Structures are given as structure tokens and as C-alpha cells.
A.B. asks: 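Let me give you the structure first, and then I'll get to my questions.
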Amino acid sequence: MNKDCPPSSPVVELRNLTLKRGRRTILDGIDLSLEAGQSLAIVGPSGAGKTTILRLLAGLELPSSGELFLFGQRQDYLRLDQWRPPDVRLVSQNPALLGSLSVLQNVGFLLFRHSLLPEPEIRLRVARCLEAVGLAGTENLMPSELSGGMQKRVSFARAMIDNPETESETPLLLFDEPTAGLDPVASTRIEDLMVTTTHLSRGSSVVVSHVLSTIERSAKQVALLYDGKLRWQGSVDSFRSADNPYVVQFRTASLTGPMQPQEL
Ligand code: ADP
Ligand code: MG
């Protein structure tokens with residue numbers, strides 16, 4: 001628990017949040033919350049605004065109106081003197097490893113740069129995270145020597161590493177389409193990894209996915225987004241049987257229904 005977070009505060013709370021780019025409304029009046037230790041899947045067709053929500057939670061986008069609370073702290077970018085960076089870790093769709101740095105340097109990047117920890121301690125922390133993702137002993141490899149799946153796992157290890165100086169005990173982990181393009185066995189491995197990564201870091205998670213097995217294995221709550229608006233929210237169990245037309249169309253991958261594919 002973040003020490004500034006009152007015990008009852010949700011980890012994430014969006015209140016009537018709107019995000020515009022130029023004249024286009026990308027997110028429109030979103031109300032959403034996530035309790036500590038919970039896992040939420042955001043689903044919806046391409047262009048719905050899912051990645052934009054994750055980028056907003058990671059502090060990479062600013063709302064145009066409405067409010068965003070993280071760990072009970074209002075994210076008020078006009079009052080930066082009173083703002084403390086929340087512990088939010090985004091695992092983006094592309095592993096985005098730094099090509100000129102080894103696995104050790106990629107996973108330990110923040111600790112090498114922004115902590116006073118001695119190098120042997122950082123190496124130990126990196127080794128523990130690599131072991132958790134099944135890549136023990138790969139510290140000296142370069143990203144170009146790794147397969148796509150291994151790069152993905154390194155990006156998970158990077159999200160797991162703790163900096164004791166931030167004093168946050170429950171990070172928020174964000175995963176953007178972690179199993180897109182993977183075969184079923186590799187997908188299962190990544191889904192398990194998301195659950196263990198979140199569990200080991202005692203955190204909460206938001207996963208964006210189109211893949212039903214990923215949603216069912218890695219989340220307890222589901223929010224369906226279409227055209228910048230939240231159309232349905234509920235438990236994974238009720239998602240399986242809900243008769244909301246958006247949910248039915250998503251579940252059955254039907255071409256007919258309220259959601260039209262984004263024009264290419
Ligand atoms: P999703 O992840 O659900 O596919 P995104 O959040 O990436 O959707 O995008 C939501 C909408 O915002 C889309 O219509 C997309 O075209 C638009 N968009 C995304 N990134 C940008 C950008 N950098 N500039 C302008 N529009 C963008
Ligand atoms: Mg996306």
C-alpha cells in the first residue's frame with residue numbers, strides 16, 4: 001500500500017474523464033475505478049481508446065477534462081510541487097528494449113540510474129526478476145540475441161523490479177495486448193506471467209486484450225470500450241452471460257451489432 005493512500009481509496013479512479021486530440025474526442029466521459037489487488041481487463045475493437053487509457057494511467061497523456069486519481073492522489077498536473085510520481089508500470093505492446101544495452105542494463109535501468117543501491121544489490125534484484133520470467137542467466141545477452149517471446153519476457157521482468165526508494169508497496173501494472181500475435185501455448189505462458197508478476201509485486205493490474213482466454217485467465221473485472229465510451233462494466237463471470245448488445249457482439253465476434261470496424 002502506498003503510504004499516502006487511505007486504505008479505502010481505489011488504486012485507479014477516473015471521474016467523467018474526457019480526452020480530446022484537436023477536435024476529436026478520444027475518451028468521452030469515462031467513469032471507472034479499480035480497487036487495490038484487483039485486476040481489470042479493458043476490451044473493445046481497434047480504435048476504441050484502450051491504449052489511450054493505459055497511456056493516461058501511465059502519465060503519458062493528459063485528460064482534457066474530468067479527474068484522474070491514482071492511489072487516492074488526484075493527478076493535478078498544474079500543481080506539480082505537490083505531486084509524487086505514482087508507481088505505475090506500463091508493459092507496452094512492443095517490448096521496447098534499448099538495443100544497445102544488455103538484458104541486465106535493460107531490466108535494472110531505473111535502479112542503475114535513479115537509485116543509490118550498490119551494483120551487487122541491483123544485480124541480485126535483476127537476477128530474481130529474470131528467474132521469475134524463466135530467463136535466469138541471460139543478463140549479458142543483447143536484445144538482438146533474443147527471440148520476440150524472450151524480449152517480451154524481459155519487458156515483464158523490467159516491470160517487476162522494485163525500487164525501494166519509491167516506497168510504493170503495491171504498484172499498478174498495465175499490460176497492452178500482451179498476447180497479440182502469440183500462439184496458444186506462448187499466450188498461456190504470458191497470461192500466467194501476468195498473474196504472477198502482479199501477484200509477486202503485490203500489485204493491481206489493467207490488461208488490454210481482444211483475446212477471451214487472456215481476459216478470463218488474467219482479470220476479475222471487465223470494461224468494454226467502444227468509440228471512446230464505456231459501454232459495459234462487470235465481473236468476468238457476468239461478461240460470459242451478459243445480454244448487453246456490445247458484449248454479445250464482442251463475445252461472438254459478430255459483424256452485426258452496435259460496433260462497426262474502424263475504417264482502414
Ligand atoms: P485502441 O488501443 O483501442 O486500438 P487507441 O487508444 O490507440 O485505440 O486510439 C484511440 C483513437 O485515438 C483512435 O481513433 C486513434 O486513431 C486515435 N489516436 C491514437 N493515437 C493517436 C495520435 N498520436 N494522434 C492522433 N490520434 C491518435
Ligand atoms: Mg491499442
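Note that the coordinates shown come from a computational prediction; the quantities given were computed from them, not determined experimentally. When a ligand or atom number is given, it counts from 1 through the structure's own listing order. One is the number of the first residue; the rest follow in order along the sequence.
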A.B. asks: Please name the pair of heavy atoms, one in Ser204 and one in Val11, separated by the smallest distance, quoted to 0.1 Å.
C.D. replies: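 Closest approach of Ser204 to Val11: OG-CG2, 3.5 Å.
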A.B. asks: Say whether Pro45 and ligand 1 are in contact under the criterion: heavy-atom distance to a ligand atom below 4.0 Å.
C.D. replies: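 Yes.
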A.B. asks: Determine, step by step, whether Glu67 and Arg74 satisfy the salt bridge (Lys or Arg N to Asp or Glu O under 4.0 Å) criterion, reporting the C-alpha distance in whole Å, the side-chain angles of both residues, the deciding distance to 0.1 Å, and the verdict.
C.D. replies: CA-CA 7 Å; Glu67 292 177 303; Arg74 184 164 187 258; 2.8 Å; yes
A.B. asks: Quick one: which ligand 1 atoms are inside 4.0 Å of a heavy atom on Thr52?
C.D. replies: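 That gives atoms 5 (P), 6 (O), 9 (O), 10 (C) of ligand 1.
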A.B. asks: Hey, is Gly49 one of the residues with a heavy atom under 4.0 angstrom from ligand 1?
C.D. replies: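 Contact present.
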A.B. asks: Regarding atom 12 (O) of ligand 1: of the candidates Asp176, Thr25, Ile26, which has the closest heavy atom?
C.D. replies: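 Among Asp176, Thr25, Ile26, the closest heavy atom to atom 12 (O) of ligand 1 comes from Ile26.
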A.B. asks: Closer than 4.0 Å to some heavy atom of Ser46 - which atoms of ligand 1 meet that?
C.D. replies: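 Ligand 1 atoms under the 4.0 Å threshold to Ser46: 4 (O).
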A.B. asks: Given that the side chain starts at C-beta and the backbone is N, CA, C, O, which of these parts of Arg24 lies under 4.0 Å from ligand 1, counting heavy atoms, or is it both or neither?
C.D. replies: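 Under 4.0 Å from ligand 1, Arg24 contributes side-chain atoms alone.
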A.B. asks: How far apart are the closest heavy atoms of Pro143 and Gln151, and which atoms are they?
C.D. replies: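 For Pro143 versus Gln151, the nearest heavy atoms are O-NE2, 3.1 Å.
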A.B. asks: Quick check against the 3.5 Å criterion: does Asp28 have a side-chain atom that pairs as donor or acceptor with the backbone of Thr18?
C.D. replies: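 No: the side chain of Asp28 does not pair with the backbone of Thr18.
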A.B. asks: Judged by atom type as modelled, is there a donor-acceptor pair below 3.5 Å linking the side chain of Glu216 to the main-chain atoms of Thr214?
C.D. replies: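 Checked: no pair found.
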A.B. asks: Examine distances only and state if a side-chain atom of Arg231 and a backbone atom of Tyr226 form a donor-acceptor pair shorter than 3.5 Å.
C.D. replies: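 Between the backbone of Tyr226 and the side chain of Arg231 there is a qualifying donor-acceptor contact (under 3.5 Å).
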A.B. asks: I need the contact type for Arg21 against ligand 1. Using non-hydrogen atoms and a strict under-4.0 Å cut-off, is it side chain, backbone, both or neither?
C.D. replies: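 The side chain, only.
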A.B. asks: Taking 2.8 Å as the cut-off, does Ser46 contribute an N, O or S atom near the Mg ion (ligand 2), distance below it?
C.D. replies: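 So Ser46 does not bind the Mg ion (ligand 2) by this criterion.
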